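Order of the sequence lines sets the chain letters (A, B, ...), proteins ahead of strands, with each chain counted from 1. These figures come from a predicted structure and were not determined experimentally.
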Number of protein chains: 4
Amino acid sequence: MTGEAVGRPRVRATDSKERLFAASMTLLGHRGINAVSVDEIARAAGVSKGTVYYNFGSKDSMIGALLAFGADILLEELEQYAEQSDGLQALEAMVVSAFRFVERYPSYAQLWISEQQRSESLWGEQLSDFREQITALIRQVLRRTVQVPEPLLQVAASAMFGATLLTARERAVTTPMPRLEVYVQAVLATVHGLERAAAG
Amino acid sequence: MTGEAVGRPRVRATDSKERLFAASMTLLGHRGINAVSVDEIARAAGVSKGTVYYNFGSKDSMIGALLAFGADILLEELEQYAEQSDGLQALEAMVVSAFRFVERYPSYAQLWISEQQRSESLWGEQLSDFREQITALIRQVLRRTVQVPEPLLQVAASAMFGATLLTARERAVTTPMPRLEVYVQAVLATVHGLERAAAG
Amino acid sequence: MTGEAVGRPRVRATDSKERLFAASMTLLGHRGINAVSVDEIARAAGVSKGTVYYNFGSKDSMIGALLAFGADILLEELEQYAEQSDGLQALEAMVVSAFRFVERYPSYAQLWISEQQRSESLWGEQLSDFREQITALIRQVLRRTVQVPEPLLQVAASAMFGATLLTARERAVTTPMPRLEVYVQAVLATVHGLERAAAG
Amino acid sequence: MTGEAVGRPRVRATDSKERLFAASMTLLGHRGINAVSVDEIARAAGVSKGTVYYNFGSKDSMIGALLAFGADILLEELEQYAEQSDGLQALEAMVVSAFRFVERYPSYAQLWISEQQRSESLWGEQLSDFREQITALIRQVLRRTVQVPEPLLQVAASAMFGATLLTARERAVTTPMPRLEVYVQAVLATVHGLERAAAG
DNA sequence: GATGAATGAGACTTCATTCAT
DNA sequence: GATGAATGAAGTCTCATTCAT
């Protein structure tokens, strides 16, 4: 019962969410969720703090929306590549796609790594779901590519996921960014190792 | 938040310090650094809040000491196994050792994963140093075990580190805890894959 | 928060205004003025928030209008009964009328009780005026009914007003709602007590 | 992880709660709970905002403590007077005592009036309990003083409570404060009225 | 060595109000 | 007449840190 509200001109209607997404992505990835305030995100997005709450209801659910947004993009790409008939080529395409994704949105990787499996994270379930979908996709392709016992296959999928996430993040923050090939090779080495195990 | 605590000085644990370490380890791993207050840690340790400051000077340097404490233990073990003559056996022993460590201190894994490479983390340097030492050890053993170009070897070491960290954490929080063999196999598949690449 | 709304102008209720009145009455009575937001009132009324401002200019003046609306109804009734020749019958009719009013609009009673005489309430003057008119009416009838010194008469009128307001509210929220007779008796006991004092 | 904490000297240990009580009592009574911020109360008490939370945990529970504090004082006094053998004298003493209490702590009356029976007030239960104890005391004395049917007696007790609360508040804010006698007479008129009803 | 009452900066959130459409 | 996205002041609360004891 006080506001005067004079000042900066309101931004175009639907812009706010996008601007907040973009700003969050940058800030949160660099410094972590707790080190970035809503104030700061709003300022970086060029909107008022109230707009964050008008659009997302809370800081946490804004981050949840951000996480979901990124997960959707990556999953869609991976699903597309997973359909390729040649399993090895499919896996390679998926790994490349994941690296490209982290290249584009390095902050997501940071966010995912930090929050995933934190027992009491607010996004724990959301991130678990996402992780499960990714590893399920990997397992599915692995299954038709190498002949190994299911339990090993399961763990191998997780290992590939972990290796990709961490090395992709590492690569993305290295300047100049190293060439992709070697990274893909390193991750796919797991697959070739499994083949040998299957053969041996 | 001055981030002294470098060089991993082994803490000579007074009673209070030990209690604080134990309490921190549990709480911080479950909920993350920012979600746990000094008050809560002190209460869980059965000491007063002032004692934290008396012993460590700040929350951050207490966490730094905690991180250093764990790093010391793990590195010492890994260094020991790295000396084994058979490279493959050495690697296997190292991986097993890492899994055992995460089993004992699951919270460390969480802490490391969350904070590592966070661009502006307070412990960034400390954790980078630690990471560098671990991967250097892996590289060193890999080098005398498989014949692959240096760049690939470097990335492979990182990939193994990442895969181990994430799958070990995943295993540690699964109940009942799955058997270790499969996990070790999955991580070592990378090595066998590299051998094939070297041979091919 | 300028607190215009004086003089109890009877609102010519548009559809929106009526809906807002009905919604406000319920919500404000249950939870108090500060615990209910304009957003919530608008939602409950099925109109947009802007409509509140379009119709009333501010939250405060909407509440002022609401208060005036109720005051008008009650005062009109009381004035009518006050004209009866038999003082005791007039008083009884007025008390019954007040109880019926609180029955119909239990939230008004709550609102009045809460805000009345709050030294710095925004509606303090408005409510004081209203209170003064009510007690003046009671005094006027009392004066021609019992023979007591003016000061006592003044206070007695206030006491009757207070007793009616609080017990009526209490009755209105009791389920099932108790019979009216006893309440009226209790309030009128004051009058009979005064008669005795006058006689003694 | 930032504070420097220089400035005002810390107040003597156990003082804080008392200072906060005194400051709250004044401010809250004048302007109502929602119109007074914790900041303001702390400033008026000469302590920092954090001290409020250190001592009471929340604004609401501080108010709860304040309410309980006052209720204890008043109830103790009333219980004492209720024991007197002469019912009429007991009632008079109780009413006088209540008026004196409101004189000393006019803000309590305001607080009680505002919050009591607000359906969803945080202190609803607490205040209901308190009210129940007071009216029980009045009923008990009435019962041995006048011969009236129980239901009427119940309501009469409530009516006396309401009349006392509202007129005492009214008196306390009038300057110069009017003499007490007339108020006591007005409230006790109810009792005499009941006697007449019993006799008639 | 240890305590815990006190601090104050700063976090998240609410909400009355405005205004372009 | 009516809408709802946007605003920003102000509120409640948290918590790392200090210091007299």
May I ask you to test the A:Leu111-A:Trp123 pair for a side-chain heavy-atom distance under 4.5 Å? no
F:dA2 P sits how many Å from C:Glu18 CD, rounded? 12 Å
Pair A:Tyr108-A:Ile73, side chain to side chain contact (heavy atoms under 4.5 Å, CB included): steps then yes or no: CA-CA 11 Å; A:Tyr108 276 123; A:Ile73 293 177; 5.9 Å; no
Expected output is a numbered-order residue list: members of residues 38-51 of chain C with a heavy atom under 4.0 Å from any atom of DNA chain F. What is it? C:Val47, C:Ser48, C:Lys49, C:Gly50, C:Thr51
Pairing residues for B:Thr26 by the side-chain hydrogen bond (donor to acceptor under 3.5 Å, both in side chains) criterion, not counting sequence neighbours: none
Here the distance between atom P of E:dG10 and atom CG of B:Asn34, to the nearest Å, is 16 Å
Measuring from the side chain of C:Tyr53 (C-beta onward, heavy atoms only), which nucleotide among E:dT17, F:dA2, F:dT12 has the closest atom? E:dT17
Nearest-nucleotide wise, let me know which of C:Gly57 and B:Val52 is further upstream toward the 5' end of DNA chain E. B:Val52
d(CD1, D:Ile63; C1', F:dC13) in whole Å: 14 Å
Taking only residues two or more places apart in sequence, or in another chain, which ones meet C:Lys49 in a side-chain hydrogen bond (donor to acceptor under 3.5 Å, both in side chains)? C:Asp39
Hits for side-chain contact (heavy atoms from CB on, under 4.5 Å) against D:Asp72, two or more places apart or cross-chain, chain-then-number order -> none
Could you check how far CD1 of D:Ile33 sits from P of F:dT12, rounded to whole Å? 11 Å
Atom CZ of D:Phe56 and atom P of F:dT12 are separated, to the nearest Å, by 15 Å
Could you state the atom-to-atom distance from NZ of C:Lys17 to C1' of F:dG1 in whole Å? 12 Å
Go nucleotide by nucleotide along DNA chain F from the 5' end; which of A:Asn55 and D:Asp60 gets its closest nucleotide reached first? A:Asn55
Quick one: stems for DNA chain F, with Watson-Crick or G-U pairs under 3.5 Å, at least three in a row? E:2-21 with F:2-21
Rounded to whole angstroms, how far apart are CG on B:Leu20 and C1' on E:dG1? 13 Å
How about B:Phe21 and B:Tyr105: are their ring centroids closer than 6.0 Å? no
Could you go step by step and tell me if D:Val47 and D:Arg19 meet the side chain to side chain contact (heavy atoms under 4.5 Å, CB included) rule? CA-CA 8 Å; D:Val47 302; D:Arg19 295 163 75 100; 4.2 Å; yes
Sequence-distant partners of A:Ser37, side-chain hydrogen bond (donor to acceptor under 3.5 Å, both in side chains), two or more places apart: none
Separation of atom CE in C:Met62 from atom P in E:dA16, rounded to whole Å: 10 Å
Assuming nearest nucleotide by heavy-atom distance, tell me which of D:Lys59 and B:Val36 is located more 5' along DNA chain F. D:Lys59
Between atom CG of C:Leu67 and atom CG of C:Leu127, what is the distance when rounded to the nearest 0.5 Å? 4.5 Å
Just to confirm, is there a sub-4.0 Å distance from OP1 or OP2 of E:dA2 to any side-chain nitrogen or oxygen of B:Ser16? yes
